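Keep in mind the model is a prediction, meaning the values are calculated, not measured. Atoms within each ligand, like the ligands themselves, are counted from 1 in listed order. Numbers here are sequence positions counted from 1.
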Amino acid sequence: MKDLSVTLSGVKLDNPIIPASGTYGFGQEFTPYYDINVLGSLSFKGTTSESRFGNPTPRIAECPNGMLNSVGLQNPGVDHVIAHELPELRKIFRKPIMANISGFSIEEYVRCVELLTQEEQVELLEINISCPNVHGGGMAFGTNPEAAAQVTRAVKKVATKPVYIKLSPNVTDIVSIAKACEDAGADGLSLINTLLGMRIDLNRRKPVLANVMGGYSGPGIFPVALRMVYQVTGAVKIPVIGMGGISTARDVIEMMMAGAKAVEVGAANLVNPYACKEIIEQLPVEMEKLRIDKLSDIQRV
Ligand code: SIN
């Protein structure tokens, strides 16, 4: 019997598979396909203080080995999430929930954390300082070490659950931002968010996305994500959740060999709704081939 369990800042997960925020909604869309309690945790759609309609369409563009999205943090707002989405999610999901929180000001992050940290089933807070699809917030905090540290310090003052800061790959030196968050008190880090990209429709001679640019995700970014996770885990002591293009059990093991303690699976859920379930089922098979008994025993290479 293989042991898939991992622990993030004292929170034990049955396995390291967490659907990435924005690719799994609040879980409901996946229940016709399988019992989502097979997951380790679930990072719900990035939530802001007020509801947001998101960016104009088109906001998805297909690409080789992945896709661009420019969703723009569409979400019903934190009060609705607490009043409606979390009670509904509780009916179908018994595992620890990771609350993904976005903002346009430090005050907004703080308000969302103050509210969501009180939710019993929310055991981990993921602070998204890396959304590439909005102006005046999102990635602006994640591309500057001092701004990243300010958000981290502010949310840590009000959080009663472990705080993971979600980092952007759209920077020259992700390690300096990771270290700034660690020094400011982050309990852990999530990386990477999407890579800023663009496509042009040749016939229309216009960008495919109404917002012109969007975030690239999918298997094409896996080597970039792996490299960044490896660099960051070599420089910080806090746990790192690795993500970016993971679509197989072997990718999970590779990401853990780069130093990640758990992983998030994103774009793969949009291609194959069974992706997380299949990865979880395949993990023991790949562990057997690689003579790994406990996933948490995997050492950074
Ligand atoms: C979005 O809603 O635009 C995606 C969220 C993100 O990339 O952080």
Side-chain angles (χ1 to χ4, degrees), residues 18-26 29 42-63 66-78 80-81 85 98-105 108-109 112-113 116 124-144 147-148 151 155 163-171 174 177 181 189-199 207-218 220-222 224-225 228 241-246 264-270:
I18 307 170
S21 174
T23 65
Y24 214 81
F26 291 86
E29 290 84 353
L42 182 170
S43 180
F44 62 63
K45 175 62 191 161
T47 294
T48 50
S49 184
E50 305 303 321
S51 65
R52 287 180 52 81
F53 189 71
N55 288 331
T57 57
R59 49 190 190 184
I60 298 289
E62 292 193 20
C63 304
M67 58 178 276
L68 290 176
N69 92 80
S70 67
V71 171
L73 294 174
Q74 178 177 346
N75 79 95
V78 68
H80 182 94
V81 166
E85 301 295 351
M98 175 180 275
N100 185 289
I101 294 163
S102 283
F104 291 79
S105 66
E108 182 172 5
Y109 282 107
C112 291
V113 169
L116 285 164
L124 295 160
L125 301 162
E126 184 174 57
I127 310 300
N128 182 6
I129 58 167
S130 46
C131 175
N133 299 326
V134 292
H135 301 285
M139 198 168 80
F141 289 106
T143 50
N144 173 298
V151 177
V155 297
V163 169
Y164 280 63
I165 307 289
K166 185 165 178 178
L167 301 185
S168 173
N170 302 304
V171 292
I174 194 167
I177 303 193
C181 294
L189 301 167
S190 299
L191 59 131
I192 57 175
N193 205 320
T194 53
L195 286 153
L196 193 61
M198 178 178 171
R199 300 293 318 261
V208 173
L209 297 171
N211 203 43
V212 181
M213 292 176 226
Y216 179 43
S217 61
I221 74 167
F222 181 70
V224 179
M228 289 190 162
I241 303 172
M243 75 200 72
I246 291 175
E264 293 186 24
V265 176
N269 295 310
L270 307 178

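The two atoms that bring Leu270 and Thr23 nearest to each other are CD2-O, 3.9 Å, heavy atoms only. The shortest heavy-atom contact between Gln74 and Lys45 is O-CE, 3.2 Å. Taking all atoms of both residues into account, the shortest heavy-atom contact from Pro132 to Asn170 is CB-ND2, 4.3 Å.
Applying the 4.0 Å criterion to heavy atoms of Asn69 picks out, from ligand 1, the atoms 1 (C), 3 (O), 4 (C). Residue Val71 approaches ligand 1 through these ligand atoms, each under 4.0 Å from one of its heavy atoms: 1 (C), 2 (O), 3 (O). Close contacts of ligand 1 with Asn133, meaning ligand atoms under 4.0 Å from a residue heavy atom, involve 1 (C), 3 (O), 4 (C). Atoms of ligand 1 lying under 4.0 Å from at least one heavy atom of Pro132, given by number and element, are 7 (O). Against a heavy-atom cut-off of under 4.0 Å, Asn128 is close to the following atoms of ligand 1: 6 (C), 8 (O).
For atom 1 (C) of ligand 1, the nearest non-hydrogen atom from the set Leu73, Leu196, Asn193 comes from Leu73.
Under a cut-off of 6.0 angstrom, the local environment of CE in Met213 is sparse, with at most 12 non-hydrogen atoms contributed by other residues, nucleotides or ligands.
Heavy-atom separations between Gly72 and ligand 1 include at least one value shorter than 4.0 Å. Assignment of Lys45 to the shell around ligand 1 is supported, since a heavy atom sits closer than 4.0 Å.
Summarising the geometry, atom OG belonging to Ser21 is positioned 8.0 Å from atom CZ belonging to Phe44; distances are rounded to the nearest 0.5 Å.
Counting only N and O atoms by type, the side chains of Asn133 and Asn55 include no donor and acceptor under 3.5 Å apart. No side-chain N or O of Ser70 forms a donor-acceptor pair with one of Asn211 less than 3.5 Å apart.
The single protein non-hydrogen atom nearest to atom 5 (C) of ligand 1 is Cys131 SG, 3.7 Å, given as residue, atom name and distance.
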